[in-house]
Structures are given as C-alpha cells and as structure tokens.
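Notes to accompany the following structure.
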Amino acid sequence: MAIIEVNGLSKSYRVYQKPEGLLASFRGLFHRTYRDVRAVREIDLEVRQGEFVAFLGPNGAGKTTTLKLLSGVINPTSGSARVMGHVPWRRENAYRRRFALVMGQKNQLWWDLPAIESFRLHQRIYGVEPAAFHRNCDELTELLDIRPLLHQPVRELSLGERMKMELTAALLHAPDVLFLDEPTIGLDVVAQHQIQTFFRHYQEQRRITILLTSHYMKDVAALCRRVVIIARGRIQYDGSLAGIIDRFSGSKIVTFQFAEGQSAGDLSAYGEIVELREPKARLRIARNEVPRALAKVLASHAVADVSVEDPPLEEVIADLFTQVNGRPAEPDRGDAVGEPMDEVGGVVP
Amino acid sequence: MESPRRYLGILGAFARNSLMRDMAFRADFLIECASSVSWALMNVGLYAIIFRHTRMIGHDTGWGRDEFFVFMATTWFVHAIVQALFMPNAEEFSELIRTGNLDFALLKPIDTQFLVSFRKVDWSALSNLLSAGLLLAISLRGLARREPNPLTFDPVTLFLYPFYVMCGVAILYSVMIALASTSIWLGRNQTLYDFWFYITNFSRYPMEIYQRGWGRPLGAFFTFIVPVLVVVNVPARLLAQPLVPRASWEWPLAGFTVVATTGSLAASRWVFQRALASYRSASS
C-alpha cells in the first residue's frame, strides 16, 4: 500500500538578482530583475509503508524542497501529493501528529535549557500520554546513549549529541512517516555510525516509512534498499542501489597482478590506466570491452591474479551528478537555475 | 475543535520554559527587572513634577494628577502584558522567517499563530505589572478622597476595567503580529520596534489632547482606522471617571472598543494566514 503518493509535483521560486555595485543597488530600489528557479519539476513518486528510501542529488537538486513539500512547510506551484491520505500543505493537525521532519542543519530544541524540557513541551504539543512519553523517551535515549545528557543545557552538547537529542524530540510522538534531511551532516564517523545503527534498528522494529536525504553514501548503503536520484528538480533514477551502477556506470575496474619479472608494458590500448605500480595495474575498461581486453592481456602477459570490480558507488554518483549538472537547459521548460524575469514576471529581453 | 485546556497547558509550558531560561541568566534577569522599574519610577517622577505646575491636562478635561496616574498605570498594565507575551515573539518571528526556522512551527500539530505568538515569555517585562499595581492603588486612594465627586467603585467597573485592559492588549497584539507577518513578503522587517514606539506614543495620552486643530484627524485615524487610542483611554476612563457626569460619548466608545478588538483580531488573523500561504522557507 502506497503511503506517499506524489503526482506531477512542482515548485518554483522567484529569486531577486542583485547586480554588483552601489549604483546597481540604487537602481534596484526602482526596478528589480528576478530569476525563476524551478526547484522541483513534475515529479511522480510512490512509497510503500515500511520503505526506507534515500533521496540523492547534488546541492540544489530539489531534495530538501521535496521533503518540505511533503511535510507541508511550503505550498507547491502545481501537482498533487498525499501522505497517509492527507494533503500535506493543508497542515491538518491529524497529519502533523503522524510524521516528523528532522533537519541536520537546523535546531528546534530550546538552546539554553536541558533537552528534557523541550521533550516535555513536545509531549504537550503532540498530546502524548505520560506513559507513552516515558516509554518512548526511555527507549530512544537508551538506543542513542544520551540518557546522562538529558539534564545538560543543549548549548553545552556536542554536535553529535545535539543531533541525537533532535532525533529523540522528533520521534517522541512515534511518527508513522519520518523525513530526514541530512541528519548526519557535519558529524564525525563515530556519531554517523551510531545514528545509522539507530535508524536501522528503529526502522526494523517499528516498520515506519523513512525518506532520507544525505550526501554520505555510507548512510545510504547502510540503510536504504531503494534510491531515488533527483537532479535539476527531476527524478533521474528510482530503483535499487546496485542498479545505479548497472545503469549509470559504463565501465569496470580491472586489476592485474602480473607474475614476478613480468613488465606491464603499454596497457593504454585496453582502457584508462587508473593506477600502475608494477607488478600491479588498475584499468578502467568499458563494460562491453572487458572480455576482449581480458583475453588479450592474459594472452600476452604472465598474470598471477586478476579481479574485475564495479567502480565505487561514490564515483558513479559523482559522475552522474556532474553529467546532469553539465547538461544544457531544456529550452521549452526553462533551466533549473532559471531564466531572468522582470518584476511583473515577464522574461527580460 | 481543539481543547482550550490543551492550549492553556501548552501556554503554561511555554511560560515555564521561559522562566527557567530567564532564571539561568540571573544577573541579566535582575538587571532587566531593575531597569524596567527604574524607568517606571522616573516617569512617575517626571509627571509628578509637571503636575506641580498645573492642576489638569487641558481645560475641564478632568485629567488631574491622580486621574492621569490611573491612566499611566493602565498604560503600564497593557504594555507590560504585550511586552512580556508578544514582543519577544513578534521580534523573533521575523528572524524565524529569515532563517527558515519557521519550518518547525509549521510542523507542530497546533495553531501556528498561537505557537508563534506565545512561544516565549519575557518575565522581566512583567515586573512593570507590580509598578503598575502600586501606582494604581495609590492613585485610586487619592481619587476616593477627590473633592467634589469622590470615586466610588461598583462591581461593573471592577469587571469592565480588566476586560478593557485585555481588549487593549488584543488590539496592540493584532497590530504587532500583522506587522511581523509582513516579514514573509518583505524578507526582512526591522521597523517593528520603530512602529511600536510611534504607536504607543499616540496611545500614551488622554484622547482629549487630540480635540483641537490637526489633532482631530489624527485622533480620528488612531481611533477608527488603527484603533490604538482606545487601548488605554477606555479602561483608564472607566476607572478614573475624570468627568462627572460622564461624557455622552464614553459608552459608545466603550462599545466601539469591543468591535475594534474583534475586528483587529480578525484582520490580523487574515494577514497572518495570507502571509503564511506565501512562506517559502530558506534553503538549508
């Protein structure tokens, strides 16, 4: 059963373009030029209950905007969406009691008070029964290992500890859907790992639906079976993590370990040389060329060992993002980074 | 329909958290209380000096020293409540919009205007309530000995005075939240304090001072368009009874104040909702 249904959802913004210099600032008092930013463009998406979906994309791709649309923080320009049967931007309390949004770069706890005071406020706002509050609070603080810090002012916590407190606050009302916007940003590897472990455990136990945006492939690889890649406001891929490599990587990494005394010679005819430290050589070879190249090298060299691997996921995704960002704008729809518009919305000649 | 009890409970939690936060910075809290009370005392001193030179504001207006001090105490009541409950929140509202932190308010299963308006309480501003209470008690004692027409208290007045004080608070709150909401369209709005100062300046004196020359259109504007003149004038006039018998326009003005309060609240709600529909958050 689809718990999140999105059809043709779009969001555009007008952004003021301030030219350089004082004179331009004076001119800007009377006439301004705007750019139309199409942050999200007609996306379609369906997420079933209990799925853990990663939203990947370069900066400015539209990931966070999509999460904000689905959580009702902003209104769409066009299209429709339903989450658990609710239209998010109607901001019905019945909906807002059933989901949570965690933003790694924003803080909702009272800065000068211990986190427990913010938790109690959340209890009142969400109308959580005392027994459920204590049960959830105990479970979450135990899992995240933050119980001894509950009575320490938030401003005195480390970034990782603060994020754990933010997560606890967001989950106290036991939401059915959780939107996570870069929850591990800026954290050290230990804190990242702890939070990944927590999410995996919590999601397995509760079977809640989670949409995660992250730039850390480790988060994604550890948690999500399904990956949605969004770039320039459009969904470019929706499938498994392994499928990304199949679809977007046209090459394999082939490593040859040559026999003692065997020189590698000139291997550039077979593919791009990634690394050459004799007696070892790593080559990037086009997928369809791998059998032919392997046969030729094995025939002409004494080879002690050979391995064929997919390129690292980060590399594939980075290539994909670069390709998408480098693609020219679609003239009929306007660029994701926009066309200049004057104050009344017409295109500047 | 959301339960008023639930909202009261949340308001209590906001007040509790704010008090704990204020108490965490003891020195700052005490200095703020002391400066508020000192400012109040200096004001009383200044007007006490002025009333050594004149018996009344204007001719036959009835605003003598004790009557004016009732007016002043009423101003403090209204301002102390507005500054304690709404000023820090209205100021922060602009910042929430600019930084995109309003997102969190929109996620909560509670009326967003309520959340934005009551989130923080400035307890130190409430110290002026004590000053106001003291000044009111002293001036009423003086008015009870007034010759002629000593002040008598009736239960209706004792009920109406706090009611109209709350009407005044509601009118000022409406102006403030509507103004703060415009930050969503403007991106930044630093005129809040300035505007507050201009508005409260007009409401700080008995409305009789606007009865001559160009004061008439000004008085009409700040009574019927932006009704800040009724904020203090109506409750203070009810209690101090500067004119005996009462002026014929006093009760109609009191009736108008109820209409103005309802209208102001409805208009500010409309502006807030419209502004919220245009909210675009900030990139993270």
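Both backbone and side-chain heavy atoms feed into the values below; hydrogens, waters and symmetry mates do not.
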Original post:
Do you know which of B/I10, B/L107, B/L102 has the most heavy-atom pairs with chain A at a distance under 4.5 angstrom?
Top reply: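 With the most close heavy-atom pairs to chain A, the winner is B/L107.
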
Regarding [X] and [Y], is there a side-chain donor-to-acceptor distance under 3.5 Å anywhere?
{"X": "A/H173", "Y": "A/N136", "answer": "no"}
{"X": "B/S18", "Y": "B/K120", "answer": "no"}
{"X": "A/T64", "Y": "A/D181", "answer": "yes"}
{"X": "B/W185", "Y": "B/S278", "answer": "yes"}
{"X": "A/T184", "Y": "A/D219", "answer": "yes"}

Which atoms of [X] come close to chain B, meaning under 4.5 Å heavy atom to heavy atom: side chain ones, backbone ones, both, or neither?
{"X": "A/H122", "answer": "side chain"}
{"X": "A/F99", "answer": "side chain"}
{"X": "A/L101", "answer": "both"}

Original post:
Checking A/K63 side chain against A/P58 main chain: does a donor-acceptor pair fall under 3.5 Å?
Top reply: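 Between the backbone of A/P58 and the side chain of A/K63 there is a qualifying donor-acceptor contact (under 3.5 Å).
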
**OP:** Say whether, by atom type as modelled, one donor and one acceptor occur between the side chain of A/S10 and the main chain of A/E42 under 3.5 angstrom.
**Re:**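 Looks like yes, one N/O pair under 3.5 Å.
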
**OP:** Would you mind telling me which of A/I185, A/T65, A/N107 has the largest number of heavy-atom pairs within less than 4.5 Å of chain B?
**Re:**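 Option with the top pair count is A/N107.
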
**OP:** Residue by residue, scan residues 74-82 of chain A and write down, ordered by number, those that have a heavy-atom distance under 4.5 Å to chain B; if none do, write 'none'.
**Re:**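 The residues closer than 4.5 Å to chain B, in numerical order, are A/I74, A/N75.
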
Subject >> Gap separating the CG atom of B/L30 from the CG atom of B/D22, nearest 0.5 angstrom >> reply: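 Atom-to-atom, B/L30:CG and B/D22:CG are 10.5 Å apart.
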
Original post:
Between CD1 of A/I125 and CG of A/L172, what distance do you get to the nearest 0.5 Å?
Top reply: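 A/I125 atom CD1 to A/L172 atom CG measures 11.5 Å (nearest 0.5 Å).
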
**OP:** Starting from the C-alpha separation in whole Å, work towards a yes-or-no answer on salt bridge (Lys or Arg N to Asp or Glu O under 4.0 Å) for B/R21 and A/E117.
**Re:** CA-CA 10 Å; B/R21 185 205 52 199; A/E117 304 297 350; over 6 Å; no

Original post:
Quick one: do A/E161 and A/K164 make a salt bridge, cutoff under 4.0 Å?
Top reply: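 So A/E161 does not pair with A/K164 through a salt bridge.
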
**OP:** Please flag which part of B/F25 lies under 4.5 Å from any non-hydrogen atom of chain A: side chain, backbone, both or neither.
**Re:**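 Answer is side chain: those atoms of B/F25 sit under 4.5 Å from chain A.
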
Original post:
What parts of residues 262-274 of chain B touch chain A if we use heavy atoms and a cut-off under 4.5 Å?
Top reply: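 Those residues of residues 262-274 of chain B which would need a heavy atom under 4.5 Å from chain A do not exist here.
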
Original post:
Relative to A/Y34, does A/R14 satisfy both conditions: NZ or CZ under 6.0 angstrom from the six-membered ring centre, and within 45 degrees of the ring's axis?
Top reply: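 Cation-pi check for A/R14 and A/Y34: passes.
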
